[in-house]
Undergrad: 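Can you keep this structure in mind? I'll have questions shortly.
Not measured: the values here are computed from a predicted model.
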Amino acid sequence: MDAPTAPRLPDPIINDRNLAMELVRVTEAAAIAASRWIGLGKKNEADGAAVEAMRKAFDTVAIEGTVVIGEGEMDEAPMLYIGEKVGAGGPKMDIAVDPLEGTTLTAKGGPAALAVVALAEHGNFLHAPDIYMDKIAVGGGLPDGVVDLDAPVASNLRNLAQAKRCAVSDLVACILDRDRHKELIARVREAGARIMLISDGDVTGVVATATPESEIDIYLGSGGAPEGVLAAAALRCIGGQMQGRLMFDDDAQIARVKAMGHIDPRRKFTLEEMAKGDVMFAATGVTTGAMMRGVKRFGNGAITHSMVMRSKSGTVRFIEARHNFATKTWTPT
């Protein structure tokens with residue numbers, strides 16, 4: 001009689017729940033490092049501390065990771081640059097990072113700065129250059145196509161209000177407070193919706209549309225394309241709709257995007273085109289915002305508040321952790 005066949009163990013790919021906790025440890029390390037610089041007016045130092053801590057934390061994660069959304073090209077960033085290999089070995093994964101989403105917020109002690117990481121199987125993140133992207137996003141539970149990047153603002157707001165069974169005046173649109181958005185802001189106000197202007201942090205702004213307690217119904221306007229991919233990864237997990245289109249300052253940027261493999265540089269990307277397949281997203285608060293509390297430092301330790309989510313399960317977990325710096329394998333700053 002043949003010996004019984006041992007049950008096949010699941011492949012250690014992105015659906016491994018242990019990997020979710022490893023990603024949280026990566027964002028915790030970056031957030032704690034950045035928290036040392038809150039309110040000191042030194043955004044570059046805060047960002048540098050977060051980048052270094054996140055890079056070191058990745059050394060313990062059981063993946064063969066490639067940074068596809070990072071701190072810039074190899075000649076622009078000393079670490080977490082696009083194309084850098086990270087991890088302790090394992091399944092091949094693509095990584096999108098923003099070690100400090102909200103450098104100015106951190107420097108000024110403002111709200112809602114985050115350390116952010118997203119993970120997908122190889123080839124499943126949009127390779128987005130560090131240029132602007134025009135974006136529109138709403139939360140989950142709405143009819144497909146309720147809003148469209150090419151539709152007039154008033155039409156989008158009217159359709160969204162109808163889907164939510166409320167008046168346009170009940171809606172809140174989140175927009176980055178930038179001079180380039182003056183016309184957009186005027187059109188939103190003319191349509192009758194309310195506005196929440198934010199100084200930084202458009203990943204947070206997009207994710208907030210799918211977070212009921214945030215009271216934000218729609219995100220509008222342009223922000224960084226890499227941040228657009230990170231936000232899309234989060235919405236894939238938590239539920240929502242998003243579209244984005246790359247924006248160009250000159251022909252050189254168009255040529256660069258074509259060289260990256262984008263045949264139609266003015267294509268409108270859907271949520272699934274920006275972050276497809278099985279996706280994981282983790283973030284830790286650096287400063288307190290609507291979704292998460294910031295790092296609270298005390299003596300030889302700190303308390304962090306994080307969220308982690310997976311597109312496969314749709315589960316969102318919030319994690320509060322108390323850290324003892326004396327026992328860390330990495331050295332907090």
Undergrad: Got L126 and F269 here, is their nearest side-chain heavy-atom distance under 4.5 Å?
TA: yes

Undergrad: Using atom types as modelled and distance alone, determine if a side-chain donor or acceptor of T103 lies under 3.5 Å from a backbone N or O of K43.
TA: no

Undergrad: Would you give the length of the straight line joining atom CZ of F325 to atom CD1 of I32, rounded to the nearest 0.5 angstrom?
TA: 5.0 Å

Undergrad: In Å, rounded to the nearest 0.5 Å, how long is the span from CZ of R178 to CG of L184?
TA: 13.0 Å

Undergrad: Closest approach of M280 and A20, non-hydrogen atoms and distance?
TA: SD-CA, 3.5 Å

Undergrad: Looking at D130 and P226, would you say the former's side chain and the latter's main chain have a donor-acceptor pair under 3.5 Å?
TA: no

Undergrad: Can a donor-acceptor pair be found, under 3.5 Å and without considering hydrogens, that links the side chain of Q241 to the backbone of A137?
TA: no

Undergrad: Donor-acceptor pair, R245 side chain versus R266 backbone, under 3.5 Å?
TA: yes

Undergrad: Test salt bridge (Lys or Arg N to Asp or Glu O under 4.0 Å) on R236 and D278 and set out the steps.
TA: CA-CA 9 Å; R236 279 292 323 285; D278 194 3; over 6 Å; no

Undergrad: Check for a donor-acceptor pair, side chain of R194 on one end and backbone N or O of D170 on the other, with a separation under 3.5 Å.
TA: yes

Undergrad: Determine whether V97 and F58 make a side-chain contact, defined as any pair of heavy atoms from C-beta on separated by less than 4.5 Å.
TA: yes

Undergrad: Out of the candidates T106, L105, V51, L114, only one should pair with L100 under the side-chain contact (heavy atoms from CB on, under 4.5 Å) rule; please name it.
TA: T106

Undergrad: In the single-linkage hydrophobic clustering (I, L, V, M, F, W, Y; side-chain heavy atoms under 4.5 Å), do V24 and V286 co-cluster?
TA: no

Undergrad: Is it true that atom CD of E215 has more than 12 heavy atoms of other residues, nucleotides or ligands lying nearer than 6.0 Å?
TA: no

Undergrad: Establish whether L271 and V138 are linked, either directly or via other cluster members, by ILVMFWY side-chain heavy-atom contacts under 4.5 Å.
TA: no

Undergrad: Would you compute the distance between atom CG of N159 and atom NZ of K164 and round it to the nearest 0.5 angstrom?
TA: 13.5 Å

Undergrad: Testing the basics here: between K135 and L149, what is the closest heavy-atom pair and its distance to 0.1 Å?
TA: C-CD1, 3.8 Å

Undergrad: Any donor-acceptor pair under 3.5 Å linking the side chain of H181 with the backbone of G221?
TA: no

Undergrad: Does any N or O in the side chain of S311 come within less than 3.5 Å of the main-chain N or O of C237, such that one atom is a donor and the other an acceptor?
TA: no

Undergrad: Just do the side chain to side chain contact (heavy atoms under 4.5 Å, CB included) check on R310 and V279 with the steps written out, would you?
TA: CA-CA 6 Å; R310 302 165 60 215; V279 178; over 6 Å; no

Undergrad: Any side-chain heavy-atom pair from P129 and L246 closer than 4.5 angstrom?
TA: yes

Undergrad: Could you give me the CA-CA distance, side-chain angles and deciding distance for F125 and M274, then say whether side chain to side chain contact (heavy atoms under 4.5 Å, CB included) is met?
TA: CA-CA 6 Å; F125 281 143; M274 287 188 276; over 6 Å; no

Undergrad: Give me the atom names and distance for the closest heavy-atom approach of M307 to V316.
TA: CE-CG1, 3.9 Å

Undergrad: So how far is it from E28 CD to R25 CZ, rounded to the nearest 0.5 Å?
TA: 7.5 Å

Undergrad: For the hydrophobic clusters of this structure (ILVMFWY residues joined by side-chain heavy atoms under 4.5 Å, transitively), does one cluster hold both I136 and V206?
TA: no

Undergrad: How far apart are the closest heavy atoms of Q243 and V147, and which atoms are they?
TA: NE2-O, 4.1 Å

Undergrad: Is there side-chain contact between I69 and I82, with at least one heavy-atom pair below 4.5 Å?
TA: no

Undergrad: Any heavy-atom pair between the side chains of T284 and V116 that's under 4.5 Å?
TA: no

Undergrad: Between V168 and L157, which heavy-atom pair has the shortest distance, and what is it?
TA: CG2-O, 3.9 Å

Undergrad: If you round to the nearest 0.5 Å, how far is CD1 of I63 from CG of L19?
TA: 6.5 Å

Undergrad: Are more than 12 heavy atoms, taken from residues, nucleotides or ligands other than D251, located less than 6.0 Å from that residue's CG atom?
TA: no

Undergrad: Does the E52 side chain pair with the main chain of A49, one donor and one acceptor, at a distance under 3.5 Å?
TA: no

Undergrad: For residues D47 and E71, determine if any side-chain heavy atom of one lies less than 4.5 Å from a side-chain heavy atom of the other.
TA: yes

Undergrad: Could you tell me whether the side chain of R55 and the main chain of P78 form a donor-acceptor pair under 3.5 Å?
TA: no

Undergrad: For M79 and E84, which heavy atoms make the closest approach, and how far apart are they?
TA: C-OE1, 3.3 Å

Undergrad: With the side chain counted from C-beta on, respond yes when I195 and L197 share a heavy-atom pair under 4.5 Å apart, and no when they do not.
TA: yes

Undergrad: Checking D217 against L160 for the side chain to side chain contact (heavy atoms under 4.5 Å, CB included) test, could you report, in this order, the C-alpha distance in whole Å, the side-chain angles of both residues, the deciding distance, and whether it holds?
TA: CA-CA 8 Å; D217 298 285; L160 180 59; 4.2 Å; yes

Undergrad: Please round to the nearest 0.5 Å and tell me the distance separating atom CG of D202 and atom CE of M133.
TA: 10.0 Å

Undergrad: For Y132, is the NZ or CZ atom of R180 found under 6.0 angstrom from the centre of its six-membered ring and inside 45 degrees of the ring axis?
TA: yes

Undergrad: I would like to know whether I175 and I185 meet side chain to side chain contact (heavy atoms under 4.5 Å, CB included); could you show each step before the answer?
TA: CA-CA 8 Å; I175 304 173; I185 291 168; 4.1 Å; yes

Undergrad: Is there a path from L171 to I198 through hydrophobic residues (I, L, V, M, F, W, Y) whose side chains come within less than 4.5 Å of each other?
TA: no

Undergrad: Looking at E101 and V203, would you say the former's side chain and the latter's main chain have a donor-acceptor pair under 3.5 Å?
TA: yes

Undergrad: Under a single-linkage definition using a 4.5 Å side-chain heavy-atom cutoff for Ile, Leu, Val, Met, Phe, Trp and Tyr, are I303 and F318 assigned to the same hydrophobic cluster?
TA: no

Undergrad: Under 4.5 Å between any side-chain heavy atoms of K296 and H305, yes or no?
TA: no

Undergrad: What I want to check is whether the side chains of T304 and H323 have a donor and an acceptor closer together than 3.5 Å.
TA: yes

Undergrad: Does R36 pair with E45 as a salt bridge, N-O distance under 4.0 Å?
TA: no

